[in-house]
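Taking it in order: structure first as structure tokens, then the write-up.
Owing to the predicted nature of the structure, the values given are computational and were not obtained by experimental measurement.
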2 protein chains.
Amino acid sequence: MTSTEHTPSSPGPAADSPQRTVRPTRQRRAVAAALAGFDDFRSAQEIHDLIQKQGDSVGLATVYRTLAALADAGEVDMLRNEDGEAIWRSCSDTHHHHLVCRTCGATVEVEGPAVERWTNAIAQEHGYGDISHTLEIFGTCPACR
Amino acid sequence: MTSTEHTPSSPGPAADSPQRTVRPTRQRRAVAAALAGFDDFRSAQEIHDLIQKQGDSVGLATVYRTLAALADAGEVDMLRNEDGEAIWRSCSDTHHHHLVCRTCGATVEVEGPAVERWTNAIAQEHGYGDISHTLEIFGTCPACR
DNA sequence: CTCAGTGCAAAGGTTTTGCATGGCT
DNA sequence: AGCCATGCAAAACCTTTGCACTGAG
């Protein structure tokens, strides 16, 4: 459901780990292709529409399920726009953050060694280990101002 | 959880500006009191529930309308949690982020002037304006290591 | 008296889920 | 054959809105 593994609930004593259960189906490929066609964050509806325009037919529910699976597998980033809609984008390999226009969705990838260092320092200062973090920046891009 | 500093919305920079039309009613005071009772972001439902538990009775729609008005007036910050729910916090509180233990959920509030400055700098560097950001740090707390 | 504010319920939109079917392995 | 993935539709949710009414100025 999310791009990172936030799930404070479900302490999961059930010993399951089915992670690699991702089967390469036509629908999955269609979603992946649609994602590849964008270079910024898009909503599920937009992705669904693009797939249909490309001739393929994939149910909206399947789009959601596929996107959730991809996000879970770390192949796409999911976040929410200011309207609360979930938006997705295929993510590159390197760790980076996003500067997203809340009007048109234009995205800039930014790296922040300073932030990386700061988060690690803060965490260790409080005795926390095994650190990860998420950081998103929203704003209005030059074209939309 | 996430953090922000600006509440955007209000698409029309246009003609009308009825801002100072906020009448101090019982309901408005109830919402304000509920907000004052929290020191972090809460959903409309949680705020509504707290008001009812305190004996007052305010319609959920009114809670939403009041929160929207307060956000519009700049008296509260609104943002979205990972589930896409709108969450509010009285903005007199200092802006901070959260360091969360992914095992037990223990949370530490941290401030990061450096991060605030960095995000603003990055955004302006790319010509983006009206900046807000979200930052969450996950780790394993001392007790869970 | 007038009009912003309120309550209720219905509408609107997004995301999830139940269940039967279809396609890989 | 066994199972996971899919589709469709209904459900679940959060949030907004229409309309008649109440209360503050």
Side-chain angles (χ1 to χ4, degrees), chain A residues 1-3 6-7 9-10 16-34 41-52 55-73 75-76 78-88 105, chain B residues 2 7-12 16-34 41-49 51-52 55-73 75-76 78-88:
Chain A
M1 283 155 186
T2 57
S3 57
H6 329 146
T7 309
S9 52
S10 66
D16 61 300
S17 312
Q19 52 222 66
R20 287 296 152 219
T21 331
V22 233
R23 219 176 270 174
T25 65
R26 176 183 64 80
Q27 289 86 347
R28 252 184 72 90
R29 231 171 282 119
V31 171
F41 286 88
R42 297 295 169 142
S43 71
Q45 313 269 354
E46 288 174 313
I47 292 167
H48 180 247
D49 288 352
L50 179 64
I51 291 174
Q52 289 207 315
D56 279 312
S57 176
V58 177
L60 182 57
T62 300
V63 172
Y64 275 105
R65 278 190 278 232
T66 302
L67 287 171
L70 288 173
D72 224 44
E75 295 178 36
V76 303
M78 182 209 70
L79 54 95
R80 331 237 21 159
N81 65 16
E82 300 267 332
D83 286 336
E85 292 180 330
I87 49 180
W88 287 270
Chain B
T2 51
T7 304
S9 62
S10 58
D16 63 294
S17 311
Q19 53 227 59
R20 279 301 139 209
T21 338
V22 224
R23 227 178 262 175
T25 66
R26 175 182 64 81
Q27 290 85 345
R28 229 168 262 271
R29 233 171 284 119
V31 171
F41 288 89
R42 297 295 168 140
S43 72
Q45 313 269 354
E46 288 174 314
I47 293 167
H48 181 247
D49 287 351
I51 291 175
Q52 289 209 315
D56 279 313
S57 176
V58 177
L60 182 57
T62 299
V63 171
Y64 274 106
R65 277 188 281 233
T66 301
L67 287 171
L70 288 173
D72 224 45
E75 295 179 37
V76 302
M78 191 238 355
L79 55 92
R80 305 272 177 176
N81 65 14
E82 287 275 330
D83 288 335
E85 292 180 330
I87 49 180
W88 288 269

Subject >> Residues that R42(A) engages under side chain to side chain donor-acceptor pair (under 3.5 Å), provided they are two or more places apart >> reply: D40(A)
Just the table, please: protein N/O against nucleotides 9-14 of chain D N/O, every pair under 3.5 Å.
| from | atom 1 | to | atom 2 | distance (Å) |
| --- | --- | --- | --- | --- |
| dC14(D) | OP1 | E85(B) | OE2 | 3.2 |

Original post:
Who passes side-chain contact (heavy atoms from CB on, under 4.5 Å) against A61(A), sequence neighbours left out?
Top reply: R65(A)
**OP:** Establish, with yes or no, whether the OP1 or OP2 oxygen of dG7(C) is under 4.0 angstrom from a side-chain nitrogen or oxygen of T62(B).
**Re:** yes
Original post:
Nearest-Å distance, CD (E82(A)) to P (dT14(C))?
Top reply: 17 Å
Original post:
Which listed nucleotide (dG18(D), dG7(D), dG5(C)) is nearest to the side chain of R65(A)?
Top reply: dG7(D)
Original post:
Which is true for R26(A) with a 4.0 Å heavy-atom rule: it touches a base, it touches only sugar-phosphate, or it touches nothing?
Top reply: sugar-phosphate
Original post:
Does D56(A) have any salt bridge (charged side-chain N to carboxylate O under 4.0 Å, His left out) partners at least two apart in sequence or in another chain, and if so, which?
Top reply: R26(A)
Original post:
Separation of E46(A) atom CD from dT14(C) atom P, in whole Å?
Top reply: 10 Å
Original post:
So what's the dot-bracket for DNA chain D: Watson-Crick or G-U pairs under 3.5 Å, [ ] if a pair crosses, | if it pairs off-strand?
Top reply: |||||||||||||||||||||||||
**OP:** Check whether any side-chain heavy atom of L70(A) lies under 4.5 Å from a side-chain heavy atom of R28(A), and answer yes or no.
**Re:** yes
Original post:
A44(B) has a side chain; which of dA5(D), dT15(D), dG5(C) sits nearest to it?
Top reply: dT15(D)
Subject >> Exam field: side chain N81(B) to backbone D83(B), donor-acceptor pair closer than 3.5 Å >> reply: yes
Original post:
What is the distance, rounded to the nearest whole Å, between atom CD of Q52(B) and atom C1' of dG7(C)?
Top reply: 12 Å
Subject >> Nucleotide dT15(D), atom C1' - distance to CE of M78(B) in whole Å >> reply: 11 Å
For a quick test of your reading: what N or O donor-acceptor pairs under 3.5 Å do the side chains of residues 43-52 of chain A make, sequence neighbours left out?
| from | atom 1 | to | atom 2 | distance (Å) |
| --- | --- | --- | --- | --- |
| S43(A) | OG | E46(A) | N | 3.2 |
| S43(A) | OG | E46(A) | OE1 | 3.4 |
| E46(A) | OE1 | S43(A) | N | 2.9 |
| H48(A) | NE2 | V58(A) | O | 2.9 |

